[in-house]
Every structure is written in structure tokens, then in C-alpha cells.
Amino acid sequence: MAGRPCKVCNFTRRNVYGLAAPSLGQLKMKGSEVLGFSPGASITVVLEDDGTIVEDEAYFLCLPSDTKFMLLCDGEVWRPAKKYDGGTAWLSRESVDVVTDMVDNVSGVEPWHSLAHQLKQDLASIILMSEADLQSLVDAPCADLASVLGFPDQKTQDLQDTLQRVLDRREEERQSKELLQLYLKVVEKEHGQTLQQEGQPVQDERDGMEVDGASDFSSRTLLVLKGRASPETRLSNEELQEVLKKSVETLMDVLDWDRERTTDLVQACEGELNKRLQQVQALQSLSAHSQRSKSTSAE
């Protein structure tokens, strides 16, 4: 039976190894060998990205190729990868030492090679890459990546630093979103309890988004506007446009704010929407420039 290409690491994630395993048992055996575990050690296999325990053969066979597994032994515990920690993000840029042999060498080429070639053809393609793709480029040896891209070493290092900052920012945004969702759930629960105490019917949010009759804002938009600092950064483009459609006087009545505070909100929403538009335009310009450069090189 042909082996399934996959990757293994230990709980430190310091080294990642590529191998081919036709079964979960073979994955444990081969992974233990390349990771240097003691023979006969009790091994637990988990998904590297979220710590899901893999102990069912059928589940293992359903996973896609190149899935990354973490092998744990002797009481080791899975922990999420640390994207940023105030100064040690450079650790994630250590060279990944992939050890392969004639049997376990699946493709013969590091995954980041194809990403680097794609980036060389069209720099704007970076906006379509997943976080795993970006992390792969960050983890690639700087000299090797520079050789593929045709960049000087310093420019390549600057690119990797930029990609690491992008990953750090996405992690911060994800955590902020989770906190916002938790806050909204708490506020909605408290709001529902208040309505029940007053004897008013509570709308089931699962049946549709509640809309305020006076402002036409959704309940979520109102909660964000009233309950968060810098609410413009938490609103979608559509929600920002809805806010800007309202007059200052209408917003004053809806939010029960004074004119100065309401005007500041409108200006902040307008600035945020313009900033997002400029980002889109910049990406479009970058893509167009990349295509022109590609055409010139071809000629």
C-alpha cells in the first residue's frame, strides 16, 4: 500500500520531518525513529495546528496529504504555536531541517519552493496565501529563499520580517474578534434578562438579525457602536456605509450622544472606510505593477 505523505514534529516544533506512512501505526513507528524517541515509548499523535488527538485509523486515512502531526510521549502536552511574544518571534524563522531518504522523500522539493516561485511571478499573490503558506515562507532558510526569489539576502530577510508581522497582526485580530464575540454574547444575554424582567418578548437571534426600528441598524451594529472603543475598526464595510448614510442628528438620537462625540465617530468611520479602500487600491496597483514587470521580463 502506498504511503501517505505527511509531516511530523515533536512538542517543541523545532524540527519538522517529511515521511510517508500508509497507516497510523507506521506513522508512530517512523515518526518515533526520526524524532529520536526511545523504543517502546508510549506515543500520542495529535494534529499540530489544533491538538486534535488522532487515534482512529479511519480518521487518519481521511486526513489530506501533507497533514502535519505532532508526536507526544512521556507526558508531553500539545500547546498552540506561539505567533508572537514580545521579542522572540525571530525564533520561528529558524531553518526547518527536513530529513528524507529514498523511501520517505515524497516530492523532493520543500513546500515553500512552489510558493516562492508563485511569489516571484506575481508579488500580489501573497494576499491569497493562507497563514500556513506565509509561515512556510517565514520558516524557509533565508539564503535558499533569496536564491529562488532572485533577491539579495537583506531584501529577503526584510520580506520574512514583514510576513512575520502580518502573521502577528492576524493573530491579534483573531484574538480581538474572539473577545468581541464573547463581549457581544454577554451583553445580549444581559439585554435578554432585562427584557424578561420587564415582561417584554425576547427575539430569538437564530431566527434572524434583530433590527432597530428607529435607525435600521442591526442589534450587533448598535452594540459595537455603543460598547467598544474605536468601534469603526470592528465594523464591516457595509456597516460603516450604513453609519455614514445617517445624519449626525439621527446618530445623536440613536446613540444618545452629544454632537462632538457623534461627529468624531462619523469622522472615524469615514477615515476607516477610506483606509480600507486605499488598501484595496494599493493591492490592485501592486498586482498591475507585478504583471507589467512580468511582461517586460518576458520581452
Side-chain angles (χ1 to χ4, degrees), residues 3-10 12-20 30-31 34-36 48-49 64-70 81-85 87-171 279 282-299:
R4 297 170 57 81
C6 57
K7 302 172 185 176
V8 295
C9 65
N10 62 9
T12 67
R13 296 183 174 86
R14 294 293 295 274
N15 293 316
V16 181
Y17 300 89
L19 53 83
K30 289 188 174 185
V34 298
L35 292 172
E48 185 275 338
D49 58 351
S65 298
D66 291 325
T67 296
K68 189 174 181 180
F69 299 95
M70 179 182 291
K82 186 173 292 185
K83 299 292 185 180
Y84 65 98
D85 54 5
T88 62
W90 60 273
L91 291 173
S92 65
R93 293 197 298 271
E94 286 193 356
S95 300
V96 175
D97 182 19
V98 180
V99 178
T100 59
D101 55 25
M102 293 300 292
V103 176
D104 292 337
N105 187 2
V106 178
S107 63
V109 179
E110 295 281 6
W112 59 264
H113 270 270
S114 60
L115 297 173
H117 284 294
Q118 180 181 348
L119 200 60
K120 184 177 181 180
Q121 294 296 321
D122 183 6
L123 189 59
S125 65
I126 197 171
I127 64 177
L128 301 177
M129 293 184 181
S130 66
E131 291 187 11
D133 292 340
L134 296 179
Q135 191 65 57
S136 178
L137 290 171
V138 171
D139 292 339
C142 181
D144 294 345
L145 182 60
S147 177
V148 175
L149 292 175
F151 289 173
D153 287 352
Q154 185 57 52
K155 184 177 180 180
T156 304
Q157 185 65 64
D158 292 342
L159 173 63
Q160 290 183 305
D161 291 342
T162 300
L163 295 181
Q164 183 63 59
R165 287 194 293 271
V166 170
L167 290 170
D168 292 348
R169 186 168 61 251
R170 289 187 181 180
E171 179 65 20
Q279 290 174 342
L283 290 173
Q284 292 175 338
S285 176
L286 179 62
S287 178
H289 175 73
S290 179
Q291 292 296 334
R292 287 196 298 271
S293 299
K294 180 180 176 182
S295 299
T296 303
S297 300
E299 294 176 357

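Quick note: numbers below take in every heavy atom, side chains included, and nothing from hydrogens, waters or symmetry partners.
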Item checked: Polar side-chain atom of Gln160 near backbone of Asp139 as donor-acceptor pair, under 3.5 Å -> no
Margin query: Can you list everything that forms a side chain to side chain donor-acceptor pair (under 3.5 Å) with Arg169? Sequence neighbours excluded, please.
Written below: none
Next item on the list: Sort out for me which residue in Met70, Lys7, Glu48 forms a side-chain contact (heavy atoms from CB on, under 4.5 Å) with Val16.
Entry: Lys7
Item checked: side-chain hydrogen bond (donor to acceptor under 3.5 Å, both in side chains) partner of Asp161, chosen from Gln157, Gln164, Arg165 -> Gln157
Margin query: Measuring from atom SG of Cys9 to atom CZ of Arg14, what distance do you get when rounded to the nearest 0.5 angstrom?
Written below: 12.5 Å
Item checked: The single option from Leu119, Leu115, Thr156, Asp153 passing side-chain contact (heavy atoms from CB on, under 4.5 Å) against Leu145 -> Thr156
Check: When rounded to the nearest 0.5 angstrom, what is the spacing between SG in Cys142 and NZ in Lys155?
Finding: 12.5 Å
Next item on the list: Apply side-chain contact (heavy atoms from CB on, under 4.5 Å) to Lys120 and Val148, showing your working.
Entry: CA-CA 8 Å; Lys120 184 177 181 180; Val148 175; 5.8 Å; no
Checklist line | Whether Ser136 side chain and Ala132 backbone form a donor-acceptor pair below 3.5 Å | finding: no
Margin query: Under a 3.5 Å threshold, yes or no: a donor from one side chain and an acceptor from the other, between Gln118 and Asp122?
Written below: no
Check: Can you tell me how far the OH atom of Tyr17 sits from the NZ atom of Lys68, to the nearest 0.5 Å?
Finding: 12.0 Å
Margin query: Let me confirm one number: the CG-CD distance from Leu159 to Gln154, rounded to the nearest 0.5 Å.
Written below: 11.5 Å
Item checked: For Thr12, all residues meeting side chain to side chain donor-acceptor pair (under 3.5 Å), sequence neighbours excluded -> Asn10
Margin query: Test of understanding: with side chain to side chain donor-acceptor pair (under 3.5 Å), list the residues that count as partners of Asp144, not counting sequence neighbours.
Written below: none
Next item on the list: Starting at OG1 of Thr162, measure out to CG of Leu167 and round the result to the nearest 0.5 Å.
Entry: 11.0 Å
Item checked: Donor-acceptor pair, side chain of Lys30 and main chain of Ala20, under 3.5 angstrom -> yes
